[in-house]
Amino acid sequence: MGLFQDNFSMLSELERLAAMVRDPVRVHEIGTEEWPLAMIACGLVTCNDPERLQENLDAYAIFVSKTNAAARKGSLAQLVKFITARKGDGWRALLPYTLAEPEAALSRAAAMQLATLAQPGSKEQLTGVVELARLLVLRDDAPPAALEALLSLSDLRVLPHIAKLCSLPVERLQRLIAALNPAGNHLSYTWALEMLSARPELAEPVTALLERMAAVTTAVIDLVLPIPTWAYAKPTPQPLHGWNRAEYFPRMLPVLSQHLSQEQISRLRSAFGA
């Protein structure tokens with residue numbers, strides 16, 4: 001019986017598994033094969049109550065202890081299909097897959113799905129982006145993979161939300177920036193430059209970040225994503241602008257010149273082939 005059959009027996013099964021996950025005794029009776037569906041059930045039952053996020057994070061920690069990454073990847077894929085079929089309903093169930101998943105690639109994939117599937121709010125189209133940015137500010141344990149996912153969207157509409165990270169303590173920002181390996185797109189570079197302007201004491205970490213991005217950059221793109229993706233028959237990104245590395249470097253130079261040493265600028269000039 002598939003997860004996507006909204007019949008009484010399947011709904012009852014989801015409720016049964018969710019109840020077991022929430023029971024401190026019965027949770028240990030859940031078998032390894034049941035956990036991928038049990039985690040989905042737990043998330044969907046509690047997803048409309050943000051105050052219960054910690055319950056889901058605690059459940060995900062047990063999920064991790066009982067399964068391998070392949071099983072968790074399959075659970076995430078099944079949950080994504082469920083949320084997509086219901087036009088974004090239940091999107092908060094993706095949060096534990098983002099915040100508590102130890103495999104960075106899987107955490108990043110969950111964050112990408114959350115950002116692009118969440119139902120728009122009455123005043124905000126990018127509901128998932130807003131929630132991830134909020135949690136990155138509020139939670140010291142929010143994974144860098146969540147920020148990498150937001151940066152990889154390449155959509156400048158994300159920028160005002162992640163710009164709020166500039167207010168974090170310098171130690172937290174140093175750790176976060178050091179762990180980032182984002183795609184080198186217009187959004188990523190613009191965010192890095194805004195961080196440099198707001199927090200010039202981070203000159204060396206930002207320089208190293210720009211070098212890492214340059215190493216994987218061929219074309220620097222700026223685009224608009226169709227968000228939420230389920231609202232479009234063919235959710236194809238709309239390219240706006242594009243530059244190669246050497247062309248893009250002069251665009252950054254006015255900000256770099258204000259905050260970096262000549263040695264740091266020289267390193268970046270070399271990295272960008274400019």
Side-chain angles (χ1 to χ4, degrees), residues 108 111-112 114-116 124-137 142-168 170 172-227 237-261 264-274:
R108 189 183 306 111
M112 284 282 290
L114 194 156
T116 56
E124 176 55 62
Q125 179 78 7
L126 307 182
T127 307
V129 171
V130 171
E131 181 64 2
L132 284 177
R134 185 183 75 85
L135 292 170
L136 280 162
V137 171
L147 179 54
E148 282 187 9
L150 293 179
L151 292 171
S152 69
L153 296 177
S154 307
D155 189 323
L156 279 180
R157 291 177 297 171
V158 174
L159 186 61
H161 306 295
I162 58 176
K164 298 172 184 177
L165 294 171
C166 293
S167 65
L168 291 176
V170 66
R172 170 86 192 285
L173 286 173
Q174 287 173 333
R175 295 194 304 271
L176 185 61
I177 292 171
L180 287 178
N181 286 289
N185 55 52
H186 187 42
L187 170 63
S188 298
Y189 286 125
T190 303
W191 177 78
L193 294 176
E194 287 203 356
M195 181 64 69
L196 179 61
S197 296
R199 305 297 292 271
E201 67 270 31
L202 295 172
E204 181 53 35
V206 171
T207 298
L209 173 62
L210 292 171
E211 285 181 306
R212 292 197 299 276
M213 287 195 288
V216 296
T217 298
T218 52
V220 181
I221 60 171
D222 177 22
L223 52 79
V224 175
L225 281 179
I227 297 175
Q238 178 185 348
L240 298 179
H241 304 284
W243 307 265
N244 63 38
R245 277 182 305 195
E247 291 171 336
Y248 196 78
F249 183 77
R251 297 178 61 88
M252 302 192 299
L253 195 54
V255 176
L256 300 180
S257 299
Q258 292 181 52
H259 303 291
L260 299 187
S261 69
Q264 289 166 328
I265 293 174
S266 178
R267 282 161 49 192
L268 290 177
R269 190 183 298 278
S270 175
F272 280 80

With sequence neighbours left out, the residues meeting ring pair (Phe, Tyr, Trp, His ring centres under 6.0 Å) with H186 are W243, Y248
If only atom types and distance count, is the side chain of S261 paired as donor or acceptor with the main-chain N or O of Q264 below 3.5 Å? yes
Quick check: do V206 and H259 have side-chain heavy atoms less than 4.5 Å from each other? no
Which heavy atom in L136 sits nearest to a heavy atom in L168, and how many Å separate them? O-CD1, 4.1 Å
Enumerate the side-chain hydrogen bond (donor to acceptor under 3.5 Å, both in side chains) contacts for residues 145-160, please, sequence neighbours excluded, ordered by first and then second residue. R108-E148, S154-N185, D155-R157
Least distance between heavy atoms, L209 atom then A192 atom: CD2-CB, 4.2 Å
Main-chain N/O of S266 paired with S270 side-chain donor or acceptor, under 3.5 Å: no
Has the side chain of R245 got a donor or acceptor atom that lies under 3.5 Å from a matching backbone atom of A274? no
Exercise: identify the closest heavy-atom pair between I265 and F249: O-CZ, 4.1 Å
Starting at CG of N181, measure out to OG of S188 and round the result to the nearest 0.5 Å. 11.0 Å
Say you draw a straight line from OG1 of T190 to CE of M195; how long is it, rounded to the nearest 0.5 Å? 13.0 Å
At their closest point, which heavy atom of L187 faces which heavy atom of L151, and how far apart are they? CD2-O, 3.6 Å
Between V137 and R172, the two heavy atoms sitting closest are O-NH1, 4.2 Å
Check the pair L196, L210 against side-chain contact (heavy atoms from CB on, under 4.5 Å), reporting the backbone distance first and the verdict last. CA-CA 11 Å; L196 179 61; L210 292 171; 5.6 Å; no
Can you tell me how far apart CD (E204) and CZ (R267) are? Round to the nearest 0.5 Å. 4.5 Å
Okay, side chain of T207, backbone of A203: is any donor-acceptor separation there less than 3.5 Å? yes
State, yes or no, whether a side-chain contact exists between L150 and W191 at a heavy-atom distance under 4.5 Å. no
Nearest heavy-atom approach of L153 to L225 is O-CD1, 3.3 Å
N/O donor-acceptor pairs under 3.5 Å from side chains in residues 250-258, not counting sequence neighbours:
residue	atom	partner	partner atom	Å
S257	OG	L253	O	2.8
Q258	NE2	P254	O	3.4

